[in-house]
Protein chains: 2
Amino acid sequence: MVQYANRMDLLKGSEIRELLALTSKPDIISFAGGMPAPELFPCEGVKQACIKVMDEVGQVALQYTSTEGLPSLREKLVARMKAKNNIDTDIDHVLITSGSQQGLDFSARIFLNPGDVVLLESPSYLGAVNAFKACEPKFIEVPTDDDGMITEELEKILATTENVKMIYVIPDFQNPTGKTWSLERRHKFMDIINKYEIPVIEDNPYGELRFEGENMPSLKSLDTKELVVFLGTCSKILAPGLRIGWICASKENLVKYNFIKQGADLQSSTIDQLIADRFLDMYDLDEHVEKIKDVYRKRRDVMLKTMEETFPKEVKFTHPEGGLFTWCVLPEYMDAKVLAQQCLEKKVAYVPGGSFFPNGGKENHFRLNYSCMPEDKIKEGITRIAEVLKANLK
Amino acid sequence: MVQYANRMDLLKGSEIRELLALTSKPDIISFAGGMPAPELFPCEGVKQACIKVMDEVGQVALQYTSTEGLPSLREKLVARMKAKNNIDTDIDHVLITSGSQQGLDFSARIFLNPGDVVLLESPSYLGAVNAFKACEPKFIEVPTDDDGMITEELEKILATTENVKMIYVIPDFQNPTGKTWSLERRHKFMDIINKYEIPVIEDNPYGELRFEGENMPSLKSLDTKELVVFLGTCSKILAPGLRIGWICASKENLVKYNFIKQGADLQSSTIDQLIADRFLDMYDLDEHVEKIKDVYRKRRDVMLKTMEETFPKEVKFTHPEGGLFTWCVLPEYMDAKVLAQQCLEKKVAYVPGGSFFPNGGKENHFRLNYSCMPEDKIKEGITRIAEVLKANLK
């Protein structure tokens, strides 16, 4: 009888991944995933970058490289963080990861002993919750409103809770709610953090996908005590199939991330790093991101407009200014899991919101993704969901 | 003052990685790394495979894929394990990892609580020891001889030790010693394992690089109770820059690996998996491996011959039948770390053996790699090391 480590008792497969398997059939209109639209991928550009890499530095591309990653790619990411997130840093503060998911896993392993407390927005990204669970922490959900994490609530929790070792936040176009923190909230948050000196993991996969409104400064750019670890990724602006994410942290923290990375997988794919590096040399990524935003903005507009026209007024939802998701709040007597089954019968899928609350107990929410379906299918799919919602009103 | 998790106290950078940074200068003759020879990489083939991938399935290559990895690549790995390792399995028992290093990290996380015992060969692969340390186990080193792990010693330890949760072994062309387990030893090992029912991690990065002698069956192929987890990799037979490794395990174990993989990095690089898959369609990997073996065999021969001619008789070393390494045992009064400094002054490098013993205390060993230097430099470098050895004889 093989025995597993205690941490394995806490881990189950992500409901999203299991649902995605069900919803990947072509006749299903799926708002369940969080994937970028594949028809927008710069396939020809990546192909040309591959050819250039293999022609010019083929032996380098196929060999081991350093744990922290290619200096030339890190230079480009430093410049991008300066331009997009107002972060002043250099390559000695940057480590390439295999997607930003790896940054979440590493953060938990660096900061969390079993029983330690991690604070996060309520609700928060399911994939982060699952990654953190492997380190057996306690989760405390900090209440949020339309401006982000409610800082008064955060301060109350910090003032009364021992062993808070990490705070995980997604201030821009949050997964799952699509909400963005206000400027005032960001400053208040950093004041509190500076007082309590707790490491903050700022996850920023969607920040560049702003359709309207003003760019907000990243928490990292407001960080005067090197408490914020910033996680970036190429997944939503270039391609997730190239597993290129990065961590920007204090030198002291980065050494720890490097040690964990060495044991975890030695390094991220050399060829993927070089392809991303050469792509950024050869093409204008900003121009590409503008194209993506144009398409996603229209899809969001169609989704929200159809929701406004068809959803019963008892159902509330967010109006994201960017990113990939909107978030629906049902009357408390409705169970989004039960409704999801009824939706699947109508060949339309979403993700029930329960698992985005690490401590559970909130089944009257669901998440909708608008990046991955064409406008006509969005209209059709939302209309079908509306029928299910209406049929379940009391 | 930021606090780190307890596990971080145990982790330091790998000495090899730090040494590699020192020895990467072009005027150093380095036997320190464990890298394949870059001039043998099939760069043109990989380029053609890239082009085919991007032309035919570009959108797939750049999108997310499943955690377990591409079915078509797993099919090919199943066929390869059948042909090379006599393992009968199917794709439901296979998960793609980001190099086999990731399989080591995951294994520790699945099987080890803090304070649990892991058994391993004395000496063993430094990168495995470092990965396991993040789970805070106790290491017990099992003595080895020229036939591999001494099974009587293993049985003694198992009979008298509580909480042994995992046994880590490299039966073919072990890193660092280059030793291969005899057939008899493999059978005896499995008899003991079947009695105690302890999970075994069989790491097999070098198995296909046999220069002479008879192929040995993998432990996994002798495993009647699904206790063995087999780790494979493309790093030494194709290219390490594509991070493609794999785990072959019981379905019950594979579910656990899948959960850990989801949290750790969601999936391995889609494009890397597709490049490997198409490369295996388009080219004869066996033919390529034969080419590698021809070159490495000659390099090994030159290294061993020069060592026989120049090393003082007080220094013993292994005669590997394959793989990348030979292992030198010095008289006990010599310290391989001290000698490494003297060698560096003569512009030649090896890895001191101390860190391959997780419990320390054995400084009179060093590891030599022969895959990465041309024959004339091997001759020159070994001759220089011999001078240092002679100068340090008592």
Side-chain angles (χ1 to χ4, degrees), chain A residues 1-8 11-14 17 35 38-39 41 43 46-47 50-51 54-55 58-59 61-65 67 98-99 101-102 105 109-113 127 130-131 133-135 165 197 199 239-243 256 258-260 262-266 268-272, chain B residues 1-8 11-14 17 35 38-39 41 43 46-47 50-51 54-55 58-59 61-65 67 98-99 101-102 105 109-113 127 130-131 133-135 165 197 199 239-243 256 258-260 262-266 268-272:
Chain A
M1 179 62 195
V2 167
Q3 283 179 281
Y4 298 105
N6 297 341
R7 65 180 70 82
M8 299 311 294
L11 299 187
K12 9 173 228 175
S14 145
R17 295 232 135 200
M35 294 189 283
E39 69 272 21
F41 288 146
C43 292
V46 170
K47 178 184 158 187
C50 284
I51 292 172
M54 292 312 301
D55 280 346
Q59 291 187 11
L62 298 184
Q63 188 58 290
Y64 289 109
T65 186
T67 299
S98 302
Q101 182 72 30
Q102 190 171 55
D105 179 55
R109 297 173 79 183
I110 288 169
F111 294 113
L112 301 178
N113 284 321
N130 280 339
K133 275 186 182 165
C135 292
K165 296 295 175 60
E197 298 195 338
L242 292 172
R243 304 299 295 138
K256 307 288 182 184
N258 190 303
F259 290 169
I260 285 281
Q262 282 186 30
D265 63 1
L266 298 178
S268 294
S269 165
T270 319
I271 192 169
D272 288 16
Chain B
M1 180 60 195
V2 167
Q3 283 180 281
Y4 298 105
N6 297 341
R7 66 180 70 81
M8 299 312 294
L11 299 187
K12 10 173 227 174
S14 145
R17 296 230 133 201
M35 292 189 284
E39 68 272 23
F41 289 145
C43 292
V46 170
K47 177 184 160 189
C50 283
I51 292 172
M54 293 312 300
D55 281 346
Q59 290 186 11
L62 299 184
Q63 187 58 288
Y64 288 111
T65 186
T67 300
S98 302
Q101 182 73 29
Q102 191 173 52
D105 178 55
R109 298 173 79 183
I110 287 170
F111 294 113
L112 301 178
N113 285 321
N130 280 339
K133 274 186 183 165
C135 291
K165 296 295 177 59
E197 299 196 337
L242 291 172
R243 303 299 295 139
K256 306 288 182 185
N258 190 302
F259 290 168
I260 285 280
Q262 282 185 31
D265 64 1
L266 298 178
S268 293
S269 164
T270 319
I271 191 169
D272 288 15

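What you see below is based on every heavy atom in this structure, not just the backbone, and it leaves out hydrogens, waters and symmetry mates.
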Next item on the list: Taking all heavy atoms of B/Asp265 and all of A/Gln101, pick out the closest pair and write down the distance.
Entry: CA-CG, 3.8 Å

Check: Looking at A/Gly58, A/Gly99, A/Ser98, A/Ala264, which makes the most heavy-atom pairs under 4.5 Å with chain B?
Finding: A/Ala264

Notebook entry, point to check: What distance do A/Met54 atom CE and B/Phe41 atom CZ have between them, rounded to the nearest 0.5 Å?
Noted result: 9.5 Å

Next item on the list: Just give me the residue among A/Ala239, A/Ala5, A/Ala134 that pairs up with chain B most often, heavy atom to heavy atom, under 4.5 Å.
Entry: A/Ala5

Next item on the list: Could you tell me which portion of A/Lys47 (side chain, backbone, both or neither) has an atom closer than 4.5 angstrom to a non-hydrogen atom of chain B?
Entry: both

Next item on the list: Name the option with the most non-hydrogen atom pairs under 4.5 Å to chain B; the candidates are A/Lys133, A/Gln63, A/Lys256, A/Glu39.
Entry: A/Gln63

Note to self: Ignoring hydrogens, what is the shortest heavy-atom contact between A/Asn113 and B/Asn6? Give both atom names and the distance.
What the structure shows: OD1-N, 2.9 Å

Note to self: Quick check for you: to the nearest 0.5 Å, what is the distance between A/Leu266 atom CG and B/Arg243 atom CZ?
What the structure shows: 5.0 Å

Notebook entry, point to check: What distance do B/Gln102 atom CD and A/Gln102 atom CD have between them, rounded to the nearest 0.5 Å?
Noted result: 7.5 Å

Next item on the list: State, to 0.1 Å, how close A/Phe111 and B/Gln3 come at their nearest heavy-atom pair, and which atoms those are.
Entry: CD2-O, 3.7 Å

Next item on the list: For residues A/Cys43 and B/Gln59, determine if any side-chain heavy atom of one lies less than 4.5 Å from a side-chain heavy atom of the other.
Entry: yes

Next item on the list: Please report the closest heavy-atom contact between A/Ser269 and B/Gly241, naming both atoms and the distance.
Entry: OG-O, 3.3 Å

Check: Heavy-atom distance under 4.5 Å between the side chains of B/Ile260 and A/Met8, does that happen here?
Finding: yes

Next item on the list: Return the minimal non-hydrogen interatomic distance between B/Arg7 and A/Arg109, and the atom names on each side.
Entry: NH1-O, 2.6 Å

Notebook entry, point to check: For B/Ala131 and A/Gly263, which heavy atoms make the closest approach, and how far apart are they?
Noted result: CB-O, 3.5 Å

Notebook entry, point to check: When only pairs under 4.5 Å are counted, which of B/Ile271, B/Val2, B/Asp55, B/Ile110 shares the most heavy-atom pairs with chain A?
Noted result: B/Ile110

